[in-house]
S.K.: 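Pasting in a structure now, in structure tokens, and then I'll have a few things to ask.
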Amino acid sequence: MTDPALPVRVRFAPSPTGFLHVGGARTALFNWLWARHTGGVFVLRIEDTDIERSTDEMIAGILAGLEWLGLDWDEGPFYQSRHRERHQAAVDELVEKSRAYACFCTVAELEAERETAKARKEPYVYRGRCREIEPAEAARRVAAGEPRTIRFRVPEGETAWDDAVHGPTSFANAGIGDFIVLRSDGTPVYNLAVTVDDLDAGITHVIRGDDHISNTPKQILLYQALEVPVPVFAHVPLILGADKSKLSKRHGAVAVTAYQDEGYLPAAFSNFLALLGWSPGDDREVMSRDELVEAFTLDRITGKSAVFDVQKLEWLNGQHLSRLSGEELARAAAPWFERAGIATASELAGRGEWFARMLTLVAERSRTLPDLVRQGRPFFPGPVEYAPDAVEKMWKDPAEALRALEVAAEFVERQPALDDLERMEAGLRALAEARGVSAGKVMQSIRVAITGQRVSPGIFETMAAMGKELVAERIAAARKWLRGRV
RNA sequence: GGCCCCAUCGUCUAGAGGCCUAGGACGUAGCCCUCUCAAGGCUAAAACGCGGGUUCGAAUCCCGCUGGGGCCA
């Protein structure tokens, strides 16, 4: 076992044959949290040994995903494909120590063995036919150009470890069978490469998905044969789709960048991911990055796989959104307003304070960044479009709406400036009463007139944020529009 | 099929033998607040898969079954 006093070194080792999906992102997050919690080191390694299926775009996508989530790594990215010589050397070492041997069995022979086992309804494991070939003879046959693989000599007994998540876990070695560590084409096999890379990187804790549990005994056997300390293993349960099957494309957005595109905050998304399979042990749910780092421990990871629940993600994002300061909101939302063609970056920067204030108004009733855009749009100059549902609900009777807006127009005209919320409200209520119109009706009508929507922040705050000129202009436009429908 | 992992409200979870009349959160329903919608507050419905043990006592420990998942084939 690794000396527990050693500084923690963890790694995230994605293979770039696909994008960074939510499961991988959570694995990365847990590693990162553990490193930051312990003051340890987070290493990034790209497992690109499957050259055929690995692409630079995928690598770039994975890095972008990690960066979006704020999971910064301290070392790397290292590339597994560049460690070929080390892998080879480790295989040589195993052969020298007689912990591995050359196997000359052909594919056909192995196939036959497998068929026999199947016919007898026995589980298939390699029988170790080449186990006892003398090293000298093996060397001669290799020199003669005979194809061979290198197999690991699995000892008798069982391989066990104390999983940081699952507790004591063990596999009978008899069920493992002498596995290949080097293919006949000279390429190292996954378990060998991972083990060697992890030991070279001084990894103390291997935190990865449950789907690697069955690789673990082989890797432990390799550590032992190489006579190096075995790291702590923590197998995190998988994330499932709503139908409880492994999360995949048909469950919708699985690449983390998709959530970025949908307007989720990285802090909220990682908060959500952290709560999938882990909990702080108390009733806290909405947690900042720092709180997560502070509270995170491996022993609080559940052993049970979790279903990805978008509704909870949305709620959490809304919670994070309403906790942001105006300035932070502005920073997060600005690109979205630009992309929507509502304002340019310089226009927003020019009215930065106003923009931030407007966003805080709107943030409380928003769950994602696009919600902010939808609700923020009417605050910018230009005509508004009246949403059909708003018209239906608030302006069902055009004559009545018109009357309400006449009062509204008079009200706005009388206001020196739209800034004192309390005075505005008192003034509007008084005027409405004097004119014999319900104050609520006036406010609702103003809402549709100036935002085009049924829903907005408080009407006085909204008017204050828009300014007298824009409000007056829109009320006039609405009256004109309504006059055409009486 | 073999091996391994897992099993508390629909979902995420708390629970490490008596504190459990099983707690919190999302979602759902209702109420309050109210110029709308949110937010917030209050309330409700909603779970220990089944069967055996162990124990004075089990959601918690053990065994079996069932179910789900993973890896390999």
S.K.: Distance between the C1' atoms of B:C6 and B:A38, in whole angstroms?
M.R.: 39 Å
S.K.: Using both distances under 3.5 Å as the test, list the Watson-Crick or G-U wobble partner of B:G2, or none.
M.R.: B:C71
S.K.: Atom pairs, N/O to N/O, protein against nucleotides 31-35 of chain B, distance under 3.5 Å?
M.R.:
residue: B:C35; atom: OP1; partner: A:Arg429; partner atom: NH2; Å: 2.3
residue: B:C35; atom: O2'; partner: A:Gln444; partner atom: OE1; Å: 3.1
residue: B:C35; atom: O2'; partner: A:Gln444; partner atom: NE2; Å: 3.2
residue: B:C35; atom: O2; partner: A:Arg447; partner atom: NH1; Å: 3.2
residue: B:C35; atom: O2; partner: A:Arg447; partner atom: NH2; Å: 2.8
residue: B:C35; atom: N3; partner: A:Ile459; partner atom: N; Å: 3.2

S.K.: Each nucleotide in nucleotides 4-16 of chain B should get exactly one letter: B, S or -. Can you fill that in based on protein heavy atoms under 4.0 Å?
M.R.: SSSSS--SBSSS-
S.K.: Would you check if the side chain of A:Asn191 reaches a backbone N or O of A:Lys218 as a donor-acceptor pair within less than 3.5 Å?
M.R.: no
S.K.: What is the distance from atom CD1 of A:Ile446 to atom CD1 of A:Ile459, rounded to the nearest 0.5 Å?
M.R.: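 Answer for the CD1-CD1 pair, A:Ile446 versus A:Ile459, is 6.0 Å.
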S.K.: Distances under 3.5 Å between protein N/O atoms and the N/O atoms of nucleotides 40-46 of chain B, please, pair by pair.
M.R.:
residue: B:G40; atom: OP1; partner: A:Gln319; partner atom: NE2; Å: 3.4

S.K.: Using the P atoms only, state how far B:G70 lies from B:A29, rounded to an integer number of Å.
M.R.: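 Straight-line distance between the two P atoms is 33 Å.
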S.K.: Can you classify the ring geometry of A:His37 versus A:Trp34 as parallel (below 30°), tilted (30 to 60°) or perpendicular (above 60°)?
M.R.: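 Because their plane-to-plane angle is under 30°, the rings of A:His37 and A:Trp34 count as parallel.
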S.K.: In Å, rounded to the nearest 0.5 Å, how long is the span from CG of A:Leu222 to OG1 of A:Thr195?
M.R.: 4.5 Å
S.K.: Enumerate the residues from residues 354-383 of chain A whose closest heavy atom to RNA chain B is under 4.0 Å, giving them by residue number; use none for an empty result.
M.R.: A:Glu364, A:Arg365, A:Arg367
S.K.: For B:A7, which nucleotide in any strand shown is its Watson-Crick or wobble partner with both distances under 3.5 Å?
M.R.: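 When the pairing criteria are applied, B:U66 turns out to be the nucleotide that pairs with B:A7.
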S.K.: Holding to side chain to side chain donor-acceptor pair (under 3.5 Å), I want the full list of residues that pass it with A:Glu392, two or more places apart in sequence or in another chain.
M.R.: A:Lys396
S.K.: If I take atom CG in residue A:Asn317 and atom P in nucleotide B:A38, what distance separates them, rounded to the nearest angstrom?
M.R.: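 Distance, rounded to whole Å: 18 Å.
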S.K.: Provide, to the nearest angstrom, the distance between the OH atom belonging to A:Tyr126 and the P atom belonging to B:A73.
M.R.: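 From A:Tyr126 OH to B:A73 P: 16 Å.
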S.K.: Check whether more than 12 heavy atoms from other residues, nucleotides or ligands sit under 6.0 Å from atom CD of A:Glu111, and answer yes or no.
M.R.: yes
S.K.: Both distances below 3.5 Å, Watson-Crick or wobble geometry, any strand: find the nucleotide opposite B:U54.
M.R.: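 Its partner is none (no Watson-Crick or G-U wobble pair with both distances under 3.5 Å).
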S.K.: Hunt down the Watson-Crick or G-U wobble partner of B:U28, both distances under 3.5 Å, from any strand shown, or write none.
M.R.: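 Base-paired to B:A44.
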S.K.: More than 12 heavy atoms of other residues, nucleotides or ligands under 6.0 Å from CD of A:Glu327: yes or no?
M.R.: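 At most 12 heavy atoms, drawn from other residues, nucleotides or ligands, come within 6.0 Å of this atom.
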S.K.: Could you tell me which non-hydrogen atom of A:Glu410 sits nearest to which non-hydrogen atom of A:Leu431, and how far apart they are?
M.R.: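 Closest heavy-atom pair between A:Glu410 and A:Leu431: OE2-CD1, 3.8 Å.
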S.K.: Hey, is the main chain of A:Gly277 close enough, under 3.5 Å, to the side chain of A:Thr302 for a donor-acceptor pair?
M.R.: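 Pair found, side chain donor or acceptor close to backbone of A:Gly277.
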S.K.: Should A:Arg45 and A:Glu47 count as an ion pair when the cut-off is N to O under 4.0 Å?
M.R.: yes
S.K.: Nearest whole Å is fine: how far is B:A25 P from A:Phe272 CZ?
M.R.: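 After rounding, the gap between these two atoms is 17 Å.
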S.K.: Which pairs with one or both residues in residues 310-332 of chain A pass ring pair (Phe, Tyr, Trp, His ring centres under 6.0 Å), sequence neighbours excluded?
M.R.: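 As it turns out, there is no ring pair (Phe, Tyr, Trp, His ring centres under 6.0 Å) pair with a partner in residues 310-332 of chain A once direct neighbours are skipped.
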S.K.: Using purine N1 to pyrimidine N3 plus N6-O4 or O6-N4 for Watson-Crick, or N1-O2 and O6-N3 for G-U wobble, both under 3.5 Å, which nucleotide pairs with B:C37?
M.R.: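 By the stated definition (distances under 3.5 Å), nothing pairs with B:C37.
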